Amino acid sequence: MIAFEMPKPIADRREILKQAAEGMMRPASRYFDEHEHEIPWDYINVMWQAIQVTGQNYRPGPVAGSGDASHSDRPRLTQQMLIHTVEMLSWGDAGIYLCTPGSGLGGAAIEAVGTPGQTEKFLKRFAGDKPTWACMAMTEPHAGSDTAAIRTRAVRQGDGWTIDGTKIFVTGGHKSLIDSNGFVVVWATIDPTAGRAGMRPFVVEAGTPGMTVTKLEKKMGIRASDTAMIVFENCRVPADNLLGSADVATEQKGFKGAMATFDATRPIVAASALGIARATLEFVKETLAAQGVVTPYGVPRNKLTAVQRDVLEMEAAINAAWLLTLKATWLIDQKRPNTLEASMCKIKAGEVVTKVTQKGVELLGPLGYSRKLLVEKWMRDAKINDLFEGTGQINRLIVARRILGYSSKELK
Amino acid sequence: MYSFEPTEEQQMLVEAVRRFAAKEVRDAGRDADESGTLPQTVIDKGWELGILQSSIPEEYGGFGARSAVTGVLAAEELAYGDLAAAMAILAPGLFALPILIGGSEAQRKTLLPKACAGGHFPATAALIEPKYDFDSAALTVTARDDGDSYVLDGEKCYVPLAADVEHLLVYASLDGKTQGFVVGNGTPGMAVGEREKNMGLRGLPTYEINFSQCPVACADRLGGAAGHDFAPIVNASRVALGAMAVGLSRAAYDYALNYAKEREAFGEPIARRQSIAFMLAEMATEIEAVRLAVWQAAWLLDHGRDATREAYLAKIAADDLALMCADRAVQILGGHGYIRDHPVEMWLRNARGFPMFEGMAMV
Ligand SMILES: Cc1cc2nc3c(=O)[nH]c(=O)nc-3n(C[C@H](O)[C@H](O)[C@H](O)COP(=O)(O)OP(=O)(O)OC[C@H]3O[C@@H](n4cnc5c(N)ncnc54)[C@H](O)[C@@H]3O)c2cc1C
C-alpha cells in the first residue's frame with residue numbers, strides 16, 4: 001500500500017541529528033571552509049561516540065544497524081534511515097558530514113564482495129575507541145569516468161601482490177591512512193589485456209610500506225573533507241587482501257559486485273545533495289520573509305513575482321528529487337533491484353542542488369554572494385554531487401542504456 | 001512507513017485501465033482531435049470501469065470509498081491513452097466528488113445516487129475564468145446572498161461538456177471565498193455559449209458560460225447554509241491533473257523512445273546518440289520523480305491532512321514535466337513530429353494547457 005509516513009525511528013533520529021547539525025556543524029561551517037585541511041575533531045569525536053553507543057554506523061551495506069536484525073518480520077529501514085541521516089547532516093554541513101568516521105566506501109566494497117573472514121578482519125577496527133576511516137581509490141590522473149582505463153597494476157609475487165600506480169581524488173584518504181589506522185580499497189588491474197575483467201579491488205592497510213599520501217587537493221567546496229593523492233610504489237599486500245578471485249577468465253563477480261555498491265552509494269550522494277538544497281531553500285525563504293516576501297502555495301504562477309516563482313519551483317524540485325531518492329533506498333530495503341532508480345535519483349538530485357544553490361545566491365543578491373553568510377558556500381559545496389559517484393552524464397548513460405536496452409557498446 | 005507499492009486491487013484497476021486506454025482510448029483520442037467528437041462508446045466503456053462509482057460509498061449509491069491514491073493511479077493511465085478522453089470520462093466526478101467531499105448530507109443523499117445509478121452521468125463543474133491571471137481562490141464570478149437565494153454573475157470558460165449536462169457545480173466568490181453552487185442546466189440567467197475552439201483538447205467539448213442574475217436556491221450551496229472548505233477540492237483537482245500530466249508525459253516518452261530505437265540516421269538508430277538518449281533518460285527520471293510527488297499529495301488527501309503544499313508543488317512540477325516531455329518527443333521525432341500522422345504534436349498542444357487547467361479533473 002502506497003504510504004508516505006515517516007517511520008518513528010527515523011523521525012526520532014532526525015530530531016537528534018538536527019540538534020547536532022544546528023549546534024555543532026553550522027557554527028563550524030565557515031571556520032573549516034576557510035581553514036582547508038584542518039580536521040573537525042569535535043564533530044568527529046562526538047559522532048564516533050554516538051556510533052559506538054548506539055551500535056549504529058553510517059556506512060552503506062546489508063548489515064548496518066537500525067535495530068532491524070532483531071525484528072526481521074518488520075520492514076527493513078536501514079537504507080532509508082541512512083539517507084535521512086545523511087540529508088540532515090548535510091543540511092548541517094556537507095563538508096563536515098563527509099568527515100564522519102566509519103568504514104564508508106571502502107567498507108561497502110568489502111561487504112559487497114569480501115568473504116566473511118575478510119569482513120571480520122578488515123572491519124573489526126570500526127568497533128574500537130579511536131575514530132577510524134576507510135576510503136576507496138579508483139580514479140587516476142588520466143582515468144575518471146572511464147574506470148576501465150585505470151593503469152594501477154597488481155602483480156602476483158610469491159604469496160602476495162605488489163601494487164604500483166597513482167590514485168587521485170580519494171575522499172578521506174588522509175583520515176583513513178594518516179589520521180587513523182584505517183585502510184584504502186584500491187582498484188588495480190591484474191591483467192591489462194583483460195579490460196574490466198582484469199580489475200580487482202585490494203585492501204591496503206594504513207602503514208603498509210610503499211604507499212604514500214602525497215598531496216591534498218585544494219577545492220572549490222567541501223573543504224573540510226580531505227581529497228588525497230595516494231602513490232603506490234612496490235607496495236606489497238598479502239594474498240588475502242584481494243577482494244574476489246585471482247582468476248581473470250572465470251571471475252567477474254568481483255568487479256560487478258563492487259560496482260553494485262553504487263546502487264547503495266548513489267542515493268546517499270543524492271541525499272547529501274538534497275540536504276544542501278534544503279538548507280539553501282530554507283535560508284532563502286527565511287531571508288525573503290524577513291523582508292516581507294512570502295511564497296504562498298496555491299497561487300497561479302502568473303500571479304507570482306519572478307522571485308516567488310523561482311522559490312516555489314526550487315521547492316517542488318527538491319520535493320520530487322527527495323521522493324525519488326527515498327524510493328531508491330526503499331527498494332534496497334525491500335531487497336529489490338534499484339540500479340535504475342539509484343542513477344535516476346543521483347541525476348535529479350545532482351542537478352537540483354546545483355540549480356537551487358546557484359539560484360539561491362542570485363536571489364539573495366549581495367547577501368548571497370557574501371562570505372558572511374553560508375549560501376555562497378553551499379553553492380560551492382553543492383557542485384561535487386553532480387561529479388563524484390558518477391557524473392551527471394555517466395548516470396544518464398546508465399539510465400539511458402537501461403531504458404533503451406542497450407549495452408555499453410551500443411550506447412557509448 | 002514509506003511504501004511505493006500499490007495494493008493488489010489498485011494494481012488490477014491500473015491494468016484494466018491501461019488495457020483499455022493504451023489502444024482504444026489512444027486511437028479514439030487521436031481521431032477526436034481531428035473530428036472534435038469522442039465516440040460515445042469509448043466514454044461509456046471508460047465509465048463502466050467504475051472509477052467514480054467505486055469512489056462513492058454504498059450509502060450514497062456507489063460501491064466503495066474514495067481514495068485519491070487509487071484515483072491518481074487510474075487518472076494517469078487514462079491520460080496515457082488520451083487527455084481529452086480522460087477528462088470527458090471523468091467529468092461526472094467534477095460534480096460528484098466535491099459533493100462527496102464538501103456537500104451537506106442532504107446533497108449527498110439526493111445527488112450522489114443519481115451519479116452512480118446508470119451510464120455516464122451528465123454533470124460537470126465550472127471553475128476557470130477567461131483572464132490571464134485566473135486564480136481559483138480569487139474568482140470574478142460572484143455569488144450574492146439576496147436573502148432567499150444566491151445570485152450568480154460573471155463569465156466562466158473551459159467548462160467540459162456544459163451543453164449536454166443536467167447539473168453543474170459552479171464556483172463563485174461569496175464574500176471573497178470560493179464556494180460551489182449546484183445549478184441545473186438551463187436555469188434562467190445562465191447562458192451556455194458556443195463550443196470553444198482551443199489549441200488542444202480538441203476532442204473535449206468545452207464551453208463558455210455567462211451568468212447574469214442567475215438565481216440559486218440557498219439549499220443548493222455546496223455544503224448547505226454553512227458552505228464548505230474549498231481547499232480539499234482544489235487540492236484534489238491539482239492532484240488529479242498532476243497525475244494526468246504524468247500520464248501524458250509517459251505517453252510522449254514511450255512514443256519517442258520506441259521511435260528513437262527504430263529511426264536511423266547516419267547509419268544507426270538515433271537513440272544511440274547521447275543527445276537523444278540523454279533526453280530520454282531525463283524524461284524517464286523526471287516522470288518517476290513527479291509521479292511520486294503526485295502520489296504523496298494524494299496520500300495526504302486520503303489521510304485527511306492538509307495537502308495544500310504538496311498538491312501545489314506536485315502540480316507545478318507536473319505542468320512543467322508535461323510540456324518538457326511533449327516538446328522533447330516532438331524534437332526527437334524531428335520534422336515527422338510536426339506532422340499530424342504522429343500524436344506527439346497533439347500531446348504538445350494538450351500539455352501546454354496544464355498550468356491553466358484547474359478544476360478540470362478530480363479524484
Ligand atoms: C572532491 C572529489 C572527491 C572524490 N572522491 C573520490 C573517491 O573517493 N574515490 C575515487 O575513486 N574517486 C573520487 N573522485 C573522482 C570522481 O569520481 C571523478 O572525478 C569523476 O568520476 C569524474 O572523472 P574525471 O574527473 O576524470 O572526469 P572525466 O572522466 O575526464 O570527465 C570529464 C567530463 O566528460 C564527461 N564524460 C566522460 N565520459 C563520458 C561519456 N562516455 N559520455 C558523456 N560524457 C562523458 C564527464 O561527465 C565530465 O563532464 C572524487 C572527485 C572529487 C572532485
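A note on names: the letters A, B, ... follow the listed sequences, proteins ahead of strands, and every chain is numbered from 1. This is a predicted model, so every value here is computed, not measured.
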What are the residues of residues 260-272 of chain B, in order of number, with any heavy atom under 4.5 angstrom from a heavy atom of chain A? B:Lys261, B:Pro269, B:Ala271, B:Arg272

So if I take each residue of residues 69-76 of chain B and look for any heavy atom under 4.5 Å from a heavy atom in chain A, which residues do I end up with? B:Val69, B:Leu73

Relative to chain A, which segment of [X] carries a heavy atom at a distance below 4.5 Å: side chain, backbone, both, or neither?
X	answer
B:Arg291	neither
B:Glu358	neither
B:Ala298	neither

Test: [X] and [Y] ion pair at under 4.0 Å:
X	Y	value
A:Lys303	B:Asp135	yes
A:Arg301	B:Asp320	yes
B:Glu288	A:Lys348	no
A:Arg336	B:Glu5	yes
A:Glu315	B:Arg309	yes

Whether over 12 other heavy atoms sit under 6.0 Å from B:Lys131 NZ: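 Atom NZ in B:Lys131 is packed in, count exceeds 12.
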
Residue from B:Pro355, B:Ala311, B:Ala277 scoring the most non-hydrogen pairs under 4.5 Å with chain A is B:Ala277

Side chain to side chain contact (heavy atoms under 4.5 Å, CB included) between B:Met1 and A:Phe4: does it pass, once the steps are laid out? CA-CA 7 Å; B:Met1 284 304 122; A:Phe4 290 89; over 6 Å; no

Could you check whether A:Trp330 and B:Tyr2 have their ring centres less than 6.0 Å apart? no

